[in-house]
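What you see is a predicted model; the values in this text were computed from it and never measured.
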2 protein chains.
Amino acid sequence: MSRRTTTQSAPTLATVAEEAGVSRQTVSNALNSPDLLRPDTLARVQEAIDRLGYSPNRAARNLRTRASHLVGLRVDPAVEDSANSLMDRFVHALVDSTRTTGYHVLLFTADDQEDPVDGYDELLRSAAVDAFVVTDTYRGTPHSAFLAERGVPFVAFGRPWGDTTASHPWVDVDGRAGVMLAVDHLVGRGHRRVAWVGWQKNALIGEDRRSGWVDRMHEHGLSTTQLSARGEDTLEFGARAAKALLDADQAPTAFVCVSDTVAMGVLRTLHERGLRPGQDVAVVGFDDSIAAQVHTPALTSVRQPLEQVAVELVGFLGDLLAHRPIPEPGKVLTPTLSVRATS
Amino acid sequence: MSRRTTTQSAPTLATVAEEAGVSRQTVSNALNSPDLLRPDTLARVQEAIDRLGYSPNRAARNLRTRASHLVGLRVDPAVEDSANSLMDRFVHALVDSTRTTGYHVLLFTADDQEDPVDGYDELLRSAAVDAFVVTDTYRGTPHSAFLAERGVPFVAFGRPWGDTTASHPWVDVDGRAGVMLAVDHLVGRGHRRVAWVGWQKNALIGEDRRSGWVDRMHEHGLSTTQLSARGEDTLEFGARAAKALLDADQAPTAFVCVSDTVAMGVLRTLHERGLRPGQDVAVVGFDDSIAAQVHTPALTSVRQPLEQVAVELVGFLGDLLAHRPIPEPGKVLTPTLSVRATS
DNA sequence: TTGAAAGCGCTAACAG
DNA sequence: CTGTTAGCGCTTTCAA
């Protein structure tokens, strides 16, 4: 009782038209503008479609409409030993969001990892994708400016730091507010000496997060002097920074970290020194990675609303590709704090 | 000095042909069968292509050749609180492997998470993808049988457990051998009572891994009685199992775990009881997840060669789509042991 | 070795 | 509301 024999080629518009006793165009209309058809015709066509198991050929449709309904996402190699599985969660969220809109996500990598725009051009020129999602936030690489310059249609996860001329749609998470959440939480638990372990000064994202710590500490009437460390996004740096801070005159009783990776380093130092996280010293990370969740003790962390980021991005994508005007092309979402055992 | 004005439509074969002073067909040949052209003609065409920044339109090519050069990969929601970032690493590896072959990876999700084949049909019928990569290993869901039945072209990460009729290409990792590695390692460090913390009996992957523990222990002349626990793939189960095993008459001095998630649970129990992992009790996980790497102390874990798995799968994909015969459609790769502080 | 003609399956524009 | 015509950009015949 198979609907079509295996060796037979797939049904086309013409097949369906014949089956339903209408013209090819009517079938096309049934698919794309069903309201143009009389209900009974529509039903008849729909029935034929179901009976034959017909799906419109995408290549033909793409050729005709000059759209692929694909969005490209460049995935760069995951960094081992880094707690950051942010990308994983984001990809899931993005694929989920695109599903309802008829778009699909095409993954690609750069031949040349150093070139921020490698891979984009070819995919676009060959009409393989309609647009891109770029994740600037992720490592702070300024792909956006290059892409915008070349007229590549894209939406970005991550705001165009400092670039006031940018006009592409973007969605970002308010890292500063997330850190403020962490500071409030710790101060609420009685901590007065709350340290910051962050990235280098030239990391704009890192500085934004840090400003949340500085400002909130001051608002609480607390000092930030001698309580800040800056370095790379590695476990080793976190461990080193914690040692230095703990050895200072007035050792901090709590650490707010720019990332879970760094926080894991802080935890390692605490462990080495026999300090119990959550009891002797509090630690808060950033990203709410899997590693944070399964660590013992589980790490309190700032959680980015990636699912919502994805939804907003896909919304912008729709506007962009439909050439709808985008009045306010930037959106900042607020993170939450996942409170766990380390605080 | 722009190569083409922004408002102008992309160059086509005809544009290039005119530019080079040859026919469209010659340009097509230059692209697909360059050896048919005279060197000087080829050079002239190539130059025109470069000058115009031409890339063949994929939709047109796909329509004509009835191939999309896309492979589908269904991503299911990541499970929170589980250490398993295996999928993330695998996706990266796959995208990397496909790059050189001219294929791209298309991501999709199922509307209905429960239906093991939801989403595949539509993508295939509409010729959106040429084939699929399915990751049976990941959760042990038997997609393969369903897909094979429907004549869907696919390659699988994960062997067709028990299904002797399966004829699709697959690549798998020898979990049993991985666990044997772990047992050897622990016994070599003087452990005699090595426990197993695994999955339910009906998880074929889990049982395969467990057999490595059972057999190897016996080969070392060691007993396995009262040293095994079975349950779900959660941190809580790992913690519970460790408690029960430690409370038994002859407490184990080492734990081999079916997954990092479970191992994290074991570590939690050790922590609660003041037992130092790697000193008082050894623990080995499976998957070498990020969480294992950044944990304090870092978790020894069996590492699957996902990069190699991806390469082999893409090789099979090439054979499959070129209708080349595949003499031996299964390949088993051997994992390695990442030794860290917990053992 | 190069060129001309045909057509993949679809949708946009128009005519009925 | 339905049908006819044309053509998207490419590759696959087949001739020259």
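- For B/Q25 and D/dA16, the CD to C1' distance is 14 Å, given to the nearest whole Å.
- Distance A/L63 CG to D/dT11 P: 12 Å, rounded to the nearest Å.
- When the nucleotides D/dC10, C/dT2, D/dG9 are ranked by their closest atom to the side chain of B/L13, D/dC10 comes out on top.
- The phosphate of C/dC10 has neither OP1 nor OP2 within less than 4.0 Å of any side-chain N or O from A/N57.
- Of the residues in residues 98-105 of chain B, not one comes within less than 4.0 Å of DNA chain C through any heavy atom.
- Between A/D121 and A/R150 there is a salt bridge, since at least one side-chain N of the basic residue sits less than 4.0 Å from a carboxylate O of the acidic one.
- Checked by atom type, the side-chain pair B/S68/B/D130 shows a donor-acceptor distance below 3.5 Å.
- Annotation: A/E18, atom CD; neighbour count of heavy atoms from other residues, nucleotides and ligands within 6.0 Å does not exceed 12.
- Side-chain N/O atoms of B/R38 and base N/O atoms of C/dT2 include no donor-acceptor pair closer than 3.5 Å.
- B/R66 has a side-chain polar atom (N or O) that falls below the 4.0 Å cut-off from OP1 or OP2 of C/dG9.
- Set against C/dT11, D/dT11, D/dT4, the side chain of B/R24 has D/dT11 as its closest nucleotide.
- Of the listed nucleotides (D/dT4, C/dC10, D/dT2), C/dC10 has the atom at the smallest distance from the side chain of A/A60.
- From one end of the helix from C/dT1-D/dA16 to C/dG16-D/dC1 to the other, with five pairs defining each end axis, the axis direction shifts by 30° (rounded to 10°).
- Here C/dT2 is the nucleotide among C/dT2, D/dG3, C/dG9 with the atom lying nearest to any side-chain atom of B/T26.
- Here D/dA6 is the nucleotide among C/dT2, D/dT4, D/dA6 with the atom lying nearest to any side-chain atom of A/R64.
- Across the protein-nucleic acid pair, B/H69 atom NE2 and D/dT11 atom P stand 10 Å apart, rounded to whole Å.
- A salt bridge is defined here as a Lys NZ or Arg NE, NH1 or NH2 lying under 4.0 Å from an Asp or Glu carboxylate O, and A/E122 with B/R58 meets this definition.
- Between B/R74 and B/D118, the shortest heavy-atom contact is NH1-O, 3.1 Å.
- Rounded to an integer number of Å, the gap from A/L36 CG to D/dT2 C1' is 10 Å.
- Partner of B/F132 under the side chain to side chain contact (heavy atoms under 4.5 Å, CB included) criterion, chosen from B/V71, B/L124, B/L106: B/L124.
- The distance between the ring centers of B/Y120 and B/F108 falls below 6.0 angstrom.
- Minimum atom distance to the side chain of A/T12 is reached by C/dG9, of the listed D/dG3, D/dT2, C/dG9.
- Taking only side-chain nitrogens and oxygens, B/Y54 comes nearer than 4.0 Å to OP1 or OP2 of D/dC10.
- Of the N and O atoms on the side chains of B/T26 and B/S23, at least one donor lies less than 3.5 Å from an acceptor on the other residue.
- Between the CG atom of B/N32 and the C1' atom of C/dT2 there is a distance of 16 Å, rounded to whole Å.
- In this structure, B/S28 reaches the D/dT11 phosphate: one of its side-chain N or O atoms is under 4.0 Å from OP1 or OP2.
- Atoms CD and CG, from A/Q25 and A/N32 in turn, are 8.5 Å apart once rounded to the nearest 0.5 Å.
- Dashed line: the shortest gap from a side-chain N or O of A/T41 to OP1 or OP2 of D/dT2 is under 4.0 Å.
- Using a 4.0 Å cut-off between a side-chain N of Lys or Arg and a carboxylate O of Asp or Glu, B/R99 and A/D111 qualify as a salt bridge.
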